[in-house]
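Only one structure is covered here, and it is reproduced in the block below.
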Protein chains: 2
Amino acid sequence: MKIGKGVEWAAHTCALLALLPANAALALDTLAEFIGVPSPYLAKQMQMLSRAGIVKAKRGVAGGYKLARLPETISLWDITGAVDGTTPSFRCTEVRKNGPCGASSDEVITPCKIAASFRNAEDKFRQELNSVKLPELVAGIALDVSDERKTRIKAWIEQNAAFSS
Amino acid sequence: MKIGKGVEWAAHTCALLALLPANAALALDTLAEFIGVPSPYLAKQMQMLSRAGIVKAKRGVAGGYKLARLPETISLWDITGAVDGTTPSFRCTEVRKNGPCGASSDEVITPCKIAASFRNAEDKFRQELNSVKLPELVAGIALDVSDERKTRIKAWIEQNAAFSS
DNA sequence: CAATTACGGATAAAATTTATCTGCAATTAA
DNA sequence: TTAATTGCAGATAAATTTTATCCGTAATTG
């Protein structure tokens with residue numbers, strides 16, 4: 001069981017975007033610099049967030065990314081699902097049909113208990129992530145550390161964001 | 001998020017072993033034939049189950065595998081952990097320390113909220129799998145399908161298991 | 001001792017993840 | 001309308017992980 005590292009980047013990016021004034025946006029390269037990751041690859045994650053309707057992209061001069069919805073409506077699961085996909089972690093190959101005592105196709109219409117258990121477990125996983133919304137992340141990432149850093153971040157945004165007229 | 005397919009095999013194997021009389025064991029090749037998977041690779045899973053104390057291996061003539069503990073004490077999480085490992089799905093690279101506004105090392109002693117959320121979610125996942133014990137799996141895999149199959153499986157075990165004297 | 005069976009490590013093939021590049025489309029400002 | 005900027009989509013490549021196999025060794029039984 002493994003979560004791609006793009007999810008971490010995407011989550012930090014969204015947390016940063018949540019601090020942005022409504023009329024501002026941050027360009028890809030600026031975002032990548034802030035969280036310290038290679039920008040060509042972060043581009044992938046941003047595109048997925050964009051397609052999922054989590055962030056809104058604007059091209060051209062003074063373009064960039066901003067959140068597409070209110071932070072309260074964006075959960076950690078939304079981000080994870082967008083970047084890492086939503087295919088189930090457990091892939092049932094219906095082993096029951098194999099071997100000398102293999103069941104016939106019409107015997108296995110009821111789902112395998114193993115697969116069902118993993119589905120349940122994954123539901124719990126998803127529910128938990130779904131209960132964590134962006135404002136909670138912001139509080140636990142950018143601003144909990146020190147007032148000094150808080151000030152620095154705000155100043156950096158002021159200086160590096162693109163403001164629309 | 002992905003679970004290796006060896007977990008599926010191991011779970012089916014354990015379910016089969018749970019049907020075994022106390023004085024019997026099943027050899028690797030026999031197990032592999034029953035669930036219809038390549039035996040050299042199943043060997044890896046069996047070794048991990050063995051090291052984890054879930055199955056007991058016996059070498060030599062009439063050797064093979066049997067459960068090391070009562071089925072009631074073996075959960076789907078035990079099996080998953082043994083075969084797939086127990087390293088957390090989310091790997092925090094402490095992005096907070098990166099970039100122009102990076103936090104200093106002593107500012108990030110409190111765990112990142114993102115990482116903490118994934119830990120919570122994974123705990124829920126683990127708890128759910130831990131609540132599913134082997135007898136429940138047996139009922140939902142081998143014996144739920146039809147009485148005819150039930151009989152065939154029991155007969156096959158009788159014929160292919162190694163019985164100790 | 002001879003046959004059998006699991007163990008452990010090495011190795012290789014396949015698939016997936018991670019990362020980069022390039023040409024194109026859209027947007028804005030001069 | 002042109003030039004500069006910025007995101008989009010797809011192709012490609014490198015690195016890592018998963019999947020799979022093999023072989024020599026150790027243990028067990030009769």
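Note that the structure is predicted; figures quoted are calculated from it, not measured. Each chain gets a letter, A, B and so on, in the order its sequence line appears, and its residues count up from 1.
In this structure, A/Ile35 and B/Asn98 have side chains that are not in contact, with every pair of non-hydrogen atoms separated by 4.5 Å or more. Side-chain atoms of A/Phe125 and A/Asn120, non-hydrogen and from C-beta on, never get closer than 4.5 Å to each other.
Residues passing the salt bridge (charged side-chain N to carboxylate O under 4.0 Å, His left out) test with B/Glu94 are B/Arg96, sequence neighbours excluded. B/Lys2 pairs by the salt bridge (charged side-chain N to carboxylate O under 4.0 Å, His left out) definition with nothing, not counting sequence neighbours. A/Glu136 pairs by the salt bridge (charged side-chain N to carboxylate O under 4.0 Å, His left out) definition with B/Lys113, not counting sequence neighbours. Here A/Asp29 pairs with nothing under the salt bridge (charged side-chain N to carboxylate O under 4.0 Å, His left out) rule; sequence neighbours left out.
Contact check of residues 38-45 of chain A against DNA chain D (heavy atom, cut-off under 4.0 Å) returns A/Lys44. Within residues 24-34 of chain B, the residues approached by DNA chain C to less than 4.0 Å at the level of any non-hydrogen atom are B/Ala27, B/Leu28, in residue-number order. A heavy atom lying under 4.0 Å from DNA chain C marks none of the residues of residues 76-93 of chain A.
Applying the salt bridge (Lys or Arg N to Asp or Glu O under 4.0 Å) rule to pairs touching residues 58-80 of chain B yields B/Arg69-B/Asp78, sequence neighbours excluded. Applying the salt bridge (Lys or Arg N to Asp or Glu O under 4.0 Å) test to residues at least two apart or on different chains, the pairs with a partner in residues 121-133 of chain A are A/Asp123-A/Arg126, A/Lys124-B/Glu128, A/Glu128-B/Lys124. Pairs passing the salt bridge (Lys or Arg N to Asp or Glu O under 4.0 Å) check and including a residue from residues 33-51 of chain B, sequence neighbours excluded, do not occur.
For the residue pair B/Asn130 and B/Ser75, a side-chain donor N or O sits within less than 3.5 Å of a side-chain acceptor on the partner.
Within the 4.0 Å cut-off from OP1 or OP2 of C/dG8, at least one side-chain nitrogen or oxygen of B/Arg51 is found. At C/dA6, none of the side-chain N or O atoms of B/Ser50 fall inside 4.0 Å of OP1 or OP2 (strictly under the cut-off). Note on A/Lys2: every side-chain N or O is 4.0 Å or more away from OP1 and OP2 of D/dT16.
Residue B/Gly64 is classed as a sugar-phosphate contact, given heavy-atom separations below 4.0 Å to backbone atoms only.
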Tabulated below should be each protein N or O lying under 3.5 Å from an N or O of nucleotides 25-27 of chain D; please produce it.
from: D/dA26; atom 1: N3; to: B/Arg59; atom 2: NH1; distance (Å): 3.0
from: D/dA27; atom 1: O4'; to: B/Arg59; atom 2: NH1; distance (Å): 3.4

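Classified by interplanar angle (parallel below 30°, tilted 30° to 60°, perpendicular above 60°), the ring pair B/Phe90/B/Phe118 is parallel.
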Please output the side-chain donor-acceptor pairs of residues 4-14 of chain B that fall under 3.5 Å, not counting sequence neighbours, one pair per line with the distance.
from: B/Glu8; atom 1: OE1; to: A/Thr93; atom 2: N; distance (Å): 3.4
from: B/Glu8; atom 1: OE1; to: A/Thr93; atom 2: OG1; distance (Å): 2.7
from: B/Glu8; atom 1: OE2; to: A/Thr93; atom 2: N; distance (Å): 2.8
from: B/Glu8; atom 1: OE2; to: A/Thr93; atom 2: OG1; distance (Å): 3.2
from: B/Thr13; atom 1: OG1; to: B/Trp9; atom 2: O; distance (Å): 2.8

